[in-house]
Amino acid sequence: MSEPIHAVSGKSRQVRALHLDDLDAVLDIERQGYSHPWTPGVFRDCFHANYRTWALTEDKEVIGYAVVAYMVDEAHLLNLCVARRHHRSGGARYLLRHLIAQARQENMSRVLLEVRLSNEPAVTLYNSEGFEQIGIRPQYYPAVRGRESARVMALVIA
Ligand SMILES: CC(C)(COP(=O)(O)OP(=O)(O)OC[C@H]1O[C@@H](n2cnc3c(N)ncnc32)[C@H](O)[C@@H]1OP(=O)(O)O)[C@@H](O)C(=O)NCCC(=O)NCCS
């Protein structure tokens, strides 16, 4: 499925399905975004029937992506990342709204995610789209020193 085109500063943005061919571009963005990036193998394992993998493109170049796993009626957002040079231009919000709309269309009843306690940009984004914190997973993520806990956030979409 591809989204209607959305123009930002004269450039056209679109969300489409992510392909294995996009992996090099995705890994580059992933390494910019995270202290502990996913490996190529983790991404490859997401090209699976219960997963939805989305690419955000600008003039056909991949500038962000999202990975969602469908489990029964729950869409679990596993990864959402935008290339650093495109931050604060509405890319993540656009991608997030797309994956929520798609999950709703596929009869999911809520979107669930984990986010590092320190990840203020992402928490601000999720709060602004209506997500609420429903719990904490202690020591969930590897960190530069030790481990870091995660907020569990959810959005009811049924
Ligand atoms: C979090 C992330 C995806 C946001 O991407 P983005 O494309 O810059 O976000 P958007 O431009 O769509 O911003 C949407 C809203 O998020 C919030 N936001 C984004 N960056 C922010 C920042 N640095 N500080 C505070 N709020 C921020 C704001 O509410 C913003 O709306 P506004 O610009 O109208 O104020 C991006 O910073 C990123 O890729 N980070 C690394 C990967 C990551 O942490 N992913 C989330 C894992 S759970």
Side-chain angles (χ1 to χ4, degrees), residues 2-18 22-40 42-43 45-46 51-71 74-103 108 110-157:
S2 77
E3 274 280 283
I5 289 173
H6 167 72
V8 176
S9 312
K11 298 192 170 181
S12 59
R13 285 192 176 173
Q14 203 166 12
V15 179
R16 61 157 171 82
L18 192 68
D22 300 315
L23 196 52
D24 286 348
V26 163
L27 288 169
D28 183 38
I29 299 168
E30 175 80 7
R31 290 176 191 131
Q32 297 169 26
Y34 296 107
S35 56
H36 296 76
W38 282 9
T39 61
V42 172
F43 277 105
D45 286 346
C46 296
Y51 287 72
R52 298 295 175 273
T53 56
W54 301 112
L56 171 69
T57 62
E58 184 172 276
D59 290 350
K60 310 241 154 117
E61 180 199 351
V62 176
I63 63 161
Y65 50 86
V67 176
V68 185
Y70 286 180
M71 284 174 264
E74 216 159 61
H76 195 163
L77 176 55
L78 301 176
N79 198 337
L80 172 74
C81 195
V82 171
R84 197 168 280 172
R85 71 183 183 286
H86 293 283
H87 280 183
R88 274 340 256 279
S89 64
R93 193 187 297 286
Y94 183 53
L95 201 44
L96 184 62
R97 287 185 179 176
H98 169 88
L99 70 88
I100 291 169
Q102 182 68 25
M108 296 294 118
R110 69 173 183 168
V111 180
L112 194 76
L113 61 88
E114 284 88 16
V115 55
R116 285 177 188 268
L117 292 186
S118 63
N119 194 342
E120 200 184 319
V123 171
T124 307
L125 166 66
Y126 298 135
N127 277 326
S128 73
E129 290 295 316
F131 282 80
E132 290 184 349
Q133 183 171 324
I134 58 166
I136 296 276
R137 291 196 206 284
Q139 315 293 310
Y140 187 71
Y141 290 109
V144 177
R145 280 196 203 88
R147 314 237 355 137
E148 181 173 0
S149 301
R151 276 175 224 285
V152 185
M153 302 186 79
L155 177 73
V156 174
I157 58 172

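Whatever order the structure lists ligands and atoms in, that order sets their numbers, starting from 1.
To the nearest 0.5 Å, atoms OG1 (Thr39) and CD (Glu30) are separated by 9.0 Å. With values rounded to the nearest 0.5 angstrom, Gln14 atom CD is found 10.5 Å from Asp59 atom CG. The distance from atom CG of Leu27 to atom CD of Gln32, rounded to the nearest 0.5 Å, is 11.5 Å.
If you number the atoms of ligand 1 from 1 as listed, the ones under 4.0 Å from a heavy atom of Val115 come out as 48 (S). With ligand atoms numbered from 1 in the order given, ligand 1 contributes 8 (O), 36 (C), 37 (O), 38 (C), 39 (O) to contacts under 4.0 Å with heavy atoms of His87. Per-residue contacts place Leu125 under 4.0 angstrom from the following atoms of ligand 1 (heavy atoms of the residue considered): 14 (C), 15 (C), 16 (O), 17 (C). Ligand-side atoms of ligand 1 in range of Cys81: 39 (O), 42 (C), range being under 4.0 angstrom from any heavy atom. Interface of Ser89 with ligand 1, defined as ligand atoms under 4.0 Å from a residue heavy atom, comprises 11 (O). Less than 4.0 angstrom separates some heavy atom of Tyr126 from each of these atoms of ligand 1: 46 (C), 48 (S). The Val82 neighbourhood of ligand 1 comprises atoms 7 (O), 39 (O), with distances under 4.0 Å to a heavy atom of that residue. Less than 4.0 angstrom separates some heavy atom of Ala122 from each of these atoms of ligand 1: 1 (C), 46 (C).
Within the structure, the closest approach of Leu113 to ligand 1 does not fall below 4.0 Å when heavy atoms are considered. Within the structure, the closest approach of Glu114 to ligand 1 falls below 4.0 Å when heavy atoms are considered. Using a 4.0 Å cutoff on heavy atoms, Tyr94 does not count as a contact of ligand 1.
Between Phe43 and Tyr65, a ring centre-to-centre spacing shorter than 6.0 Å is recorded.
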When you look at Tyr51 and Asp45, which way does the side-chain hydrogen bond (donor to acceptor under 3.5 Å, both in side chains) test go after all the steps? CA-CA 9 Å; Tyr51 287 72; Asp45 286 346; over 6 Å; no
Please report the C-alpha distance between Ser118 and Glu148 in whole Å, then the side-chain angles of each, then the deciding distance to 0.1 Å, and finally whether the side-chain hydrogen bond (donor to acceptor under 3.5 Å, both in side chains) criterion is met. CA-CA 8 Å; Ser118 63; Glu148 181 173 0; 2.7 Å; yes
Would Arg13 and Ser89 count as a side-chain hydrogen bond (donor to acceptor under 3.5 Å, both in side chains) if you check the C-alpha gap in whole Å, the side-chain angles of each, and the deciding distance to 0.1 Å? CA-CA 11 Å; Arg13 285 192 176 173; Ser89 64; 2.7 Å; yes
Would Ile63 and Thr57 satisfy side-chain contact (heavy atoms from CB on, under 4.5 Å), going step by step from the backbone distance to the final call? CA-CA 5 Å; Ile63 63 161; Thr57 62; over 6 Å; no
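Nearest protein neighbour of atom 5 (O) of ligand 1, counting heavy atoms only, is Ala92 CB, 3.1 Å. The nearest heavy-atom contact from the protein to atom 45 (N) of ligand 1 is Leu80 O, 2.7 Å. Given atom 47 (C) of ligand 1, the protein heavy atom at minimum distance is Tyr34 OH, 3.5 Å. Annotation: atom 35 (O) of ligand 1 to nearest protein heavy atom, Arg88 NH2, 3.0 Å. Ranking the protein heavy atoms by distance from atom 44 (O) of ligand 1 puts Asn119 ND2, 2.7 Å first. Among all protein heavy atoms, the one lying closest to atom 30 (C) of ligand 1 is Arg93 NH2, 3.7 Å. What sits closest to atom 23 (N) of ligand 1 on the protein, heavy atoms only, is Pro121 CG, 3.5 Å. Scanning the protein heavy atoms around atom 29 (O) of ligand 1, the nearest turns out to be Thr124 CG2, 3.4 Å.
Here the side chain of Arg110 pairs no donor or acceptor atom with the backbone of Val156 at under 3.5 angstrom.
Looking at Gly64, Gly90, Pro37 and measuring to atom 11 (O) of ligand 1, the nearest heavy atom belongs to Gly90.
Arg16 and Asp22 are joined by a salt bridge, as a carboxylate oxygen and a charged side-chain nitrogen come within less than 4.0 angstrom of each other. A salt bridge is absent between Glu114 and Arg151; no separation between the charged side-chain nitrogens and carboxylate oxygens falls under 4.0 Å.
For Arg85, the side chain to side chain donor-acceptor pair (under 3.5 Å) partners at least two apart in sequence or on another chain are Glu61.
By the definition of a contact as any protein heavy atom under 4.0 Å away, atom 37 (O) of ligand 1 is in contact.
Between Val152 and Leu113, the closest side-chain pair of non-hydrogen atoms is not below 4.5 Å.
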